[in-house]
There are 6 protein chains.
Amino acid sequence: MRIDGRAGDQLRPITITTDYIKHAEGSVLIEVGDTKVICTATVEDRVPPFMKGQGKGWITAEYSMLPRATQVRNQRESAKGKLGGRTMEIQRLIGRALRSVVELDKIGERTITLDCDVIQADGGTRTTSITGAFVAMAIAINKLVEAKQLAKFPITDFLASVSVGIVGGEPALDLCYVEDSSAKVDMNVVMTGQGKFVEVQGTGEEAPFSRDELDSLLELAESGIQSMIELQRQVLGPIAGRIGGTAHAATVSGK
Amino acid sequence: MRIDGRAGDQLRPITITTDYIKHAEGSVLIEVGDTKVICTATVEDRVPPFMKGQGKGWITAEYSMLPRATQVRNQRESAKGKLGGRTMEIQRLIGRALRSVVELDKIGERTITLDCDVIQADGGTRTTSITGAFVAMAIAINKLVEAKQLAKFPITDFLASVSVGIVGGEPALDLCYVEDSSAKVDMNVVMTGQGKFVEVQGTGEEAPFSRDELDSLLELAESGIQSMIELQRQVLGPIAGRIGGTAHAATVSGK
Amino acid sequence: MRIDGRAGDQLRPITITTDYIKHAEGSVLIEVGDTKVICTATVEDRVPPFMKGQGKGWITAEYSMLPRATQVRNQRESAKGKLGGRTMEIQRLIGRALRSVVELDKIGERTITLDCDVIQADGGTRTTSITGAFVAMAIAINKLVEAKQLAKFPITDFLASVSVGIVGGEPALDLCYVEDSSAKVDMNVVMTGQGKFVEVQGTGEEAPFSRDELDSLLELAESGIQSMIELQRQVLGPIAGRIGGTAHAATVSGK
Amino acid sequence: MRIDGRAGDQLRPITITTDYIKHAEGSVLIEVGDTKVICTATVEDRVPPFMKGQGKGWITAEYSMLPRATQVRNQRESAKGKLGGRTMEIQRLIGRALRSVVELDKIGERTITLDCDVIQADGGTRTTSITGAFVAMAIAINKLVEAKQLAKFPITDFLASVSVGIVGGEPALDLCYVEDSSAKVDMNVVMTGQGKFVEVQGTGEEAPFSRDELDSLLELAESGIQSMIELQRQVLGPIAGRIGGTAHAATVSGK
Amino acid sequence: MRIDGRAGDQLRPITITTDYIKHAEGSVLIEVGDTKVICTATVEDRVPPFMKGQGKGWITAEYSMLPRATQVRNQRESAKGKLGGRTMEIQRLIGRALRSVVELDKIGERTITLDCDVIQADGGTRTTSITGAFVAMAIAINKLVEAKQLAKFPITDFLASVSVGIVGGEPALDLCYVEDSSAKVDMNVVMTGQGKFVEVQGTGEEAPFSRDELDSLLELAESGIQSMIELQRQVLGPIAGRIGGTAHAATVSGK
Amino acid sequence: MRIDGRAGDQLRPITITTDYIKHAEGSVLIEVGDTKVICTATVEDRVPPFMKGQGKGWITAEYSMLPRATQVRNQRESAKGKLGGRTMEIQRLIGRALRSVVELDKIGERTITLDCDVIQADGGTRTTSITGAFVAMAIAINKLVEAKQLAKFPITDFLASVSVGIVGGEPALDLCYVEDSSAKVDMNVVMTGQGKFVEVQGTGEEAPFSRDELDSLLELAESGIQSMIELQRQVLGPIAGRIGGTAHAATVSGK
């Protein structure tokens, strides 16, 4: 049994509150256990210089933690004058993941920026950001579709993410902070509703891991992610029906 | 009548939710109308270099807005690599204000950092930060007192802040964003429970203002601040009774 | 009696030397007691990006101190790689103040930059900068008018600034550094020739102040500022006659 | 057949030149096809602040490319004034990977810094850096052992890395730049001599990938890495015999 | 004849006003033609980290120009967030030059910082800074000697600097800005009172120069520098007598 | 006799390997003793903003050292977030020197960037960079000529550089690191094939030097540089014949 009484393959309670920030085109407060992230989607009618004139759009992400999201206060990166390596790595991951399920050539020369601000952290902030940002992005894109600014709903599949790891010798799903700190192997997985991998990032800094361990972690991740996608579908309501690949996803999550 | 139907001397609805962030020694979510700020108080057993060895403590503040707290997305200062002038000005103001009601020589060589993170902005973010940060600070300091780390409750008075301005030719209390943008005169006032001024910052960039206008704005501010302090007292419950100067404040707010 | 023998309502000796720097469109060396500031006005035929295409001009200020302007050497902000909060606050104040007396829509798409460089500091550097920068700006604008680049002299009123404070329990005008360091209340006031307030910035970090104290400080400030404006008028000579609001100002300064 | 005529499971020619830079405690020039990286190991008798007093050492890495290592010249990060996200991600990866095969509590309070400078790039610069840095590190550590500064040879296993991907629909080992640019799936794998995973980083930004595809890529990576470790063993000569886990590795590479 | 009517071997008028800034241990305003530089010497009882514990002192310099010292306004380096190459080059030159005539092991673990701030520029700002900074330094060091903090006057020789160049085909001494801009060869020379070279920096970017040209420039520089040293001696009065190498210098300047 | 057995007027062995980096338009690895520098020339069809529209090109240089090029590891300037003064000084010198032998109005609106990356340092890195960069530049420019993008070969003369100094009381050519560290006088000289000076930078920080010493150093430098140019001519082969001023240079090098 795990530190918080969960079974190895059990997610923490998740809630997704939509339209949490009134100014944003899409926004959610996502809570996975005690991890809380505000995700907002901003739509702007321009693309970065390297994409100009291609008739395509861009999706990018920024990630930050409030200084006191953590047990010990972290210095602000704005005060340090630069982004840390961890922040850059995470926001590159979030952006890459979201782009994998959107047809960028169907959104016009627009940039959608997903801001993921962790207001309270208890493990899994990057995976929670991805799961929440997907919903915020879907809401924002749906507004473009309803305003007839897009001809077609360009999201091809659902997308969610979860962490898995080997804790106390056992594979475990959705690590909280205490588990994450003591995990021998730590893996973040991003998958689509159709059950395909978008990102697999496993690290065995403390102890290299075997192929069998890798396999069991991937299985745990898949089941957790499909449950999360089920919740995304509920929260998105009618918007969910417009997302490509739903039929397949339903099959997968039904198993 | 004002844009949101309020009378000139009427505050927006205010709510203060305490213990909003589990890791911080003190924390609140303060909402003044649609302006929402998370204020956390962090207590650390060290002081900045310039204060070492004096047997005194330090209180400081940091202020930030989430990128999409505003109508149009703001670039993160961490991404820009430096703090803007507005941010620095505001966090200096918040720190100065809070220090004015704490006996720094009674808190030991500790630093209390008040982080004020605006998650949604609709005018008055700096004044709302001060009002909320006072409560977060009182909670954090109270824990030190209860843990017998401090011999005496070192907060000498209540402290709150509000904006006032001349909008459409009329003095108005607690400006929302639309009012603030069109105000000819804009003033932020910080006062104590005893009705004394800690900061008066009035600007007539658009139109210099007369002494009579200044006087009417100060009166509006005083009444608004005393109402806010009444709410702080309710929210703080038994802690409120430990704050110096309460008796005087009661008299003032009773007029 | 004050540390330097002045009465409470007495300014330090002031001299303003015009055309101090040969390259600038307008320049002064202003000395208020031992505080010495070089103010230059630079006129450039462009505006910042956020103002392009509006047919209006912009006025902005930069402020700096030489490293050894002060008793103890200060590290250069260029060597630190960033501007400090105090510098940003001051240069925002100077720019705002000067803009309040210029019709920006009458100066074309030009930027006037006021550089205020403190070469020796003895209190009141920000207020001295404002008083000096006004003269440098008037000289520069007058050249534009004489060169027929402007149809109308666009300065609507005189503008000067002074510090006041409560020192040793007594209100005092134009604080020198020693007074400033020990003042319980410190206030910077910017006023026009017509006696209207442009900025009122009072801080009682050491001790909150009462309404009566505020009132007496405002009165001291007003009398000091009108004397300074009288000097500005003498120094500017014929240019002074072109500044709007002069008649009113004369009345005020005559009381 | 691939663009450069290799079979899908074929590595590019690899050469490792040891003692390439005379000043460093360990150094190699590693060439994998046209990708050339200088790896140096620096041993310093101090650890970063967060590790002081624990009696343990630290291993860290820095990565950079010469501006003209690439087809189009890249601006130097020193001129930009900050490290990019890609650089930070890569150097975090290299450091993490190397730490996984060293007993940090056996190297004393020392820091070993692996500098990986790409002088010519043709795909796989991060994996090549890891493979080369391992050799430079082993040489440097061996000197410590020979100088009797360490009681025990603290490297527990060999370590190498390779990229794999799906190019033109087929799994391919050790992608060159042209392949990497057009790969639908891109994965970097770091493994030990015993055939355990240290890092698995797979990205399907262009197209999510299935479990079957993942499995075939992992197999390709394993075979490539074991060949690389065989070369490391030859290059290291007698030092190789001191590395833990060699027996197992031999078994693995013998299959 | 030159643009300002001087002969080829004629310096511009020079004045050195000592004790120009009241707070500094040594200070001058040096004016060479229309080039005006404030030089202050600050003495601090500490040395940079790399010199600690050697029982020696350090002399360093910083150089800056006010934004409007020049015909066209320059952006402040503090606003840019970094020092430019030209500034670094100049301040390294000034520091190196001054160190060459001071016995660092005779000044204790102190740092003397020479701040050279150009308030008006008309060519030769770096050479003027050196000539002025030497006087400010001598005054500051003399105070240490008079306060018996130093056992011996540690300045071994006078030091001054001048620019020379080939303008309109003719060698010319002490170039003003217009000459400097059109010079084919530009050389800055720093010499001691004894007529020895401390720095020779000649650049023929526009046109490489011959050995004969080099020789004639060096001769011009020597004569100009000895005249400047004569002025330094007058300005320093009794302090001049304490500077080593004076006798030799007198001989040289007498030729 | 010198530390490495050379005569005072003897260069270290020099080799120049052309086309060292496959992506660059021109590249060399230049080795002068144990000093090794990779020089690449990049041609881009644009000029910096300050040169736009003049129909001229620009030549610039960047210089860097790998962290472990030196005995003790140097922190990367990219990690520090800024270029040091030494780096800026050197890259300004290299750029200036190369521009002196190219007719910028004959290369079109192009920028040629010379990247000089020191992979191993043993004194004379800046002079070695100039000598190597000249060859890389000539190769790159020759490609433009052969591709008929330039009407005329625009390099007017050969260019090389060497250090000289007074070591152990004797003038010495081409100082290695140990000599450089103990030299009383240190001078870098850049000359053309025609024997004209482009840069003379002599520093006597440790001990001012006499005119006689200067003269002997210049002679040593000239002979060393002409030998280097002879090598450049051999390495460049047929390209050498296109470089202006060759006839003169031959005469000079023949003496």
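Proteins get letters first, then strands, A, B, ... in listed order; numbering begins at 1 in each.
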Chemist: Are the side chain of B:His23 and the backbone of A:Arg68 linked by a donor-acceptor contact shorter than 3.5 Å?
Modeler: no
Chemist: Which region of B:Cys116, side chain (C-beta onward) or backbone (N, CA, C, O), has a non-hydrogen atom less than 4.5 Å from a non-hydrogen atom of chain A, or is it both or neither?
Modeler: backbone
Chemist: Which atoms of A:Glu25 are under 4.5 Å from chain B, going by heavy atoms: the side chain, the backbone, both sets, or neither?
Modeler: both
Chemist: Heavy-atom distances under 4.5 Å only: say whether B:Thr113 touches chain A with side chain, backbone, both or neither.
Modeler: side chain
Chemist: Given that the side chain runs from C-beta out, which part of B:Asp117 has a heavy atom under 4.5 Å from chain A: side chain, backbone, both or neither?
Modeler: side chain
Chemist: Highest number of heavy-atom pairs under 4.5 Å with chain A: which of B:Ile38, B:Thr40, B:Thr42?
Modeler: B:Thr42
Chemist: Is it the case that atom NZ in A:Lys143 sees more than 12 heavy atoms from other parts of the structure closer than 6.0 Å?
Modeler: yes
Chemist: If you tally heavy-atom pairs under 4.5 Å against chain B, which of A:Glu77, A:Lys36, A:Gln71, A:Glu44 wins?
Modeler: A:Gln71
Chemist: Tell me, do A:Lys22 and B:Asp122 make a side-chain contact under 4.5 Å, heavy atoms counted?
Modeler: yes
Chemist: Give a yes or no on whether a salt bridge exists between B:Glu62 and A:Arg76, defined as a side-chain N under 4.0 angstrom from a carboxylate O.
Modeler: yes
Chemist: For B:Leu66, is it the side chain, the backbone, both, or neither that has a heavy atom closer than 4.5 Å to a heavy atom of chain A?
Modeler: side chain
Chemist: Examine whether an atom of B:Gln91 lies under 4.5 Å from a heavy atom of chain A, and if so say whether it belongs to the side chain, the backbone or both; otherwise answer neither.
Modeler: neither
